[in-house]
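Just below is one structure, and these are the notes that go with it.
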Amino acid sequence: MLSYLAAALPAHTSAPARLLALQCALRSTAAGDVSIPAGLIRGMRLGRGATALAELQDARWLYSPTPPGGRGGGFTAQLLDAAVRMQTPTVKDRARAADWVLRTCQRKELRELDAFPRLLALTLAAHVQADCPGVPASVEQEVLARMCGLQAQGLVSVLNVLVRVRFLRSWAQSPVPEDLHWELAVTSEPVLDGSDLTE
């Protein structure tokens, strides 16, 4: 789903809008209808959820008849890109992934961070095998940057933030090929399966 959104959304799409789009894609029906309650918006800590919603509407990725900021922040929408309904996760898997995304972004290490570090942390966690949370993972820097909507060189400062808050144990760049390697810090909170998110 992260790869799909990297291709479907404009490159300049903000981190809050990407996190909201991820929840919309994972929570949508087979017909592309989605309902996002106000409590979920608050739980996602997106700042002004109406701004993220307006951004996705401007990108023509979804249409919402609900005025931005109305009904306490919740909204209903229709996803306009038919490709979102062709992604491989089943409805049950999508529901599990949506819950995993929310719980990952609410981890104590990430709770007070802005949307972009949480999006990067989520993307890194989704690439870690569920049965090997302490084993280093890797992905091409360009792929990771595209999933998060920024240039590859912009990753360094945010990766350092994730080390500082102890979400990551360590990270390193590999010169050839240009892969990024990282290891999640071991905490009392389990790393849940995010494999469906990288599809």
Connected via hydrophobic side-chain network under 4.5 Å: Leu79 and Tyr63: no
Return the minimal non-hydrogen interatomic distance between [X] and [Y], and the atom names on each side.
| X | Y | result |
| --- | --- | --- |
| Gln23 | Leu102 | NE2-N, 3.8 Å |
| Leu2 | Ala126 | CD1-CB, 4.1 Å |
| Ala15 | Ala115 | CB-C, 3.8 Å |
| Leu9 | Ala21 | CD1-CB, 4.0 Å |
| Val84 | Arg94 | O-NH2, 3.0 Å |
| Arg146 | Ala6 | O-CB, 3.7 Å |

Are [X] and [Y] packed together at the side-chain level, in the sense that at least one heavy-atom pair is separated by less than 4.5 angstrom?
| X | Y | answer |
| --- | --- | --- |
| Val139 | Met147 | no |
| Leu122 | Leu19 | yes |
| Leu162 | Trp171 | no |
| Gln173 | Val156 | yes |
| Arg45 | Gln106 | no |
| Gln57 | Leu62 | yes |

To the closest 0.5 Å, what do you measure between [atom1] ([X]) and [atom2] ([Y])?
| X | Y | atom1 | atom2 | result |
| --- | --- | --- | --- | --- |
| Arg27 | Thr29 | CZ | OG1 | 13.5 Å |
| Ser174 | Glu140 | OG | CD | 10.5 Å |
| Phe116 | Arg18 | CZ | CZ | 9.5 Å |
| Leu120 | Phe167 | CG | CZ | 8.5 Å |
| Glu109 | Thr104 | CD | OG1 | 10.5 Å |
| Ile36 | Leu53 | CD1 | CG | 9.5 Å |

Apply side-chain contact (heavy atoms from CB on, under 4.5 Å) to the pair Thr51 and Leu46, showing each step before the final yes or no. CA-CA 9 Å; Thr51 303; Leu46 298 180; over 6 Å; no
Evaluate whether atom CD of Gln151 has more than 12 neighbouring non-hydrogen atoms of other residues, nucleotides or ligands under 6.0 angstrom away. no
Quick one, Leu22 with Leu119, criterion side-chain contact (heavy atoms from CB on, under 4.5 Å). Give me CA distance, side-chain angles, the key distance, then yes/no. CA-CA 10 Å; Leu22 183 57; Leu119 175 60; 5.6 Å; no
List the steps and the verdict of salt bridge (charged side-chain N to carboxylate O under 4.0 Å, His left out) for Arg96 and Asp99. CA-CA 5 Å; Arg96 282 180 46 236; Asp99 180 62; over 6 Å; no
Please work out whether the ring planes of Trp182 and His127 are parallel, tilted or perpendicular, with thresholds of 30° and 60°. perpendicular
Residue pair Thr76, Asp33: steps toward the side-chain contact (heavy atoms from CB on, under 4.5 Å) verdict: CA-CA 8 Å; Thr76 59; Asp33 297 316; over 6 Å; no
Strictly distance-based, threshold 3.5 Å: is any side-chain N or O of Gln78 a donor or acceptor partner for the main-chain N or O of Ala31? yes
